[in-house]
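Below is one structure, written out as structure tokens; the observations come after it.
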Amino acid sequence: MKVRKAVIPAAGLGTRFLPATKAMAKEMLPIVDKPTIQFIVEEALNSGIEDILIVTGKGKRPIEDHFDANLELEMNLKEKGKNDLLKLVEETTDVNLHFIRQSHPKGLGHAVLQAKAFVGNEPFVVMLGDDLMEDRVPLSKQLIDDYEKTHASTIAVMKVPHEDTSKYGIINPDGQVEKGLYNVNSFVEKPEPEVAPSDLAIIGRYLLTPEIFSILENLAPGAGDEIQLTDAIDTLNKTQRVFAREFKGKRFDVGDKFGFMRTSIEYGLVHPQIKDDLAEFIIELGSELNQKKQGNETTKSKKDTKEK
Ligand code: G1P
């Protein structure tokens, strides 16, 4: 069966970006000039997805407005002959989007469960908004290509530093069936490094068969007292094969402040309108910081000599 549907959970509170996210959806925070959720929607469309469900919550109305027509703005841009901007604004409305609200934030598994009626009896993709992925073939498309060969659920994973395992779902791999495609013994949500079965972390792109829903419906809360998608996948893996696909492209973490800043800079450096100015600015800033650092080191070594 063709994979046509994607689910994007976007009900999280965005506490890592407070106070910015007190009255604004974190998914609307822009990388240069594009809200992060638009990158995710574009990845879905570039992967051949036809229908997208966004699971929202309180305060997420701006996401709906962003992907809706804004006739006043469009007319204004048309009158002023700003056709480039008009194109950018119109582009966002050309998507088959659906919205559902998750009224109680009970975890990622619970958010995905809200998509049951939308998904029906088809395989589907789940895409989390905290990571932007870049590769020759979009990551969701890689998972869809795997599905077309295996007809099985496939979860995207990537090697992370061992000390970071407690931030992710981690797989216990059981050999590769082909290059980069793993059989999996078990999926564990956020294990401490001492007990983590590997450094292969779930990175927020999942191709799932619809059997996941009946598991989610009966699942007890797991780590953090939340209904965990990872736990449901582990159960699914006991009745049908679930593979893990190792992602070899570039992952931009936009889920915390430092990752967000890094991504903004990297995307700014390839943005046609600002890349030259930004590059110049970074070079200047770099040499200023270097001078400061050298200054500090000289003062420190003078102080050290004195103390001796
Ligand atoms: C969620 C999942 C986790 C996964 C991570 C990827 O965790 O529960 O398995 O590794 O996304 O970003 P969260 O980041 O929502 O705590």
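Read the numbers this way: they start at 1 and go in the same order the structure lists the ligands and their atoms. No experiment lies behind these values; they were computed from the predicted model shown. Heavy-atom basis, side chains included; hydrogens, waters and symmetry copies ignored.
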- SB check E217 K116 (cutoff 4.0 Å): yes

- Task: State, to 0.1 Å, how close I227 and L219 come at their nearest heavy-atom pair, and which atoms those are.
- Result: CD1-O, 3.4 Å

- Query: Backbone or side chain, does any N or O of G204 fall under 3.5 Å from an N or O of ligand 1?
  - Reply: no

- Task: Would you mind listing which atoms of ligand 1 come within a distance below 4.0 Å of any non-hydrogen atom of L128?
- Result: 11 (O)

- Item | Non-hydrogen protein atom less than 4.0 angstrom from atom 14 (O) of ligand 1 | no

- Item | E178 bridged to K149 by N-O distance under 4.0 Å | yes

- Task: Please determine which of E122, E148, E50 meets the side chain to side chain donor-acceptor pair (under 3.5 Å) test together with K2.
- Result: E50

- Hey, are D130 and K26 close enough for a salt bridge, meaning a charged N less than 4.0 Å from a carboxylate O? yes

- Using a strict 4.0 Å cut-off to heavy atoms of G169, name the atoms of ligand 1 that fall inside it. 3 (C), 4 (C), 9 (O), 10 (O)

- Task: Heavy atoms only: give me the nearest G107-Q102 pair and the separation to one decimal.
- Result: O-NE2, 3.5 Å

- Message: If we only consider heavy atoms of T230, is any one of them less than 4.0 Å away from an atom in ligand 1?
- Response: yes

- Check step by step if salt bridge (Lys or Arg N to Asp or Glu O under 4.0 Å) holds for D164 and K167. CA-CA 6 Å; D164 286 348; K167 296 184 191 160; 3.4 Å; yes

- Task: Find out whether the Lys NZ or Arg CZ of K34 is both under 6.0 angstrom from the six-membered ring centre of F39 and within 45° of the ring's axis.
- Result: yes

- Query: Is Y168 close to ligand 1, meaning an N/O of one under 3.5 Å from an N/O of the other?
  - Reply: no

- Message: Closer than 4.0 Å to some heavy atom of D131 - which atoms of ligand 1 meet that?
- Response: 12 (O)

- Protein heavy atom at shortest distance from atom 4 (C) of ligand 1: I202 O, 3.5 Å

- Note on the structure: for atom 7 (O) of ligand 1, nearest protein heavy atom and its distance come out as K190 NZ, 3.4 Å

- Message: Is it the case that ligand 1 has an N or O less than 3.5 angstrom from some N or O of I203?
- Response: no

- Any N or O of E189 closer than 3.5 Å to N or O of ligand 1: yes

- Message: Is it the case that ligand 1 has an N or O less than 3.5 angstrom from some N or O of K167?
- Response: no

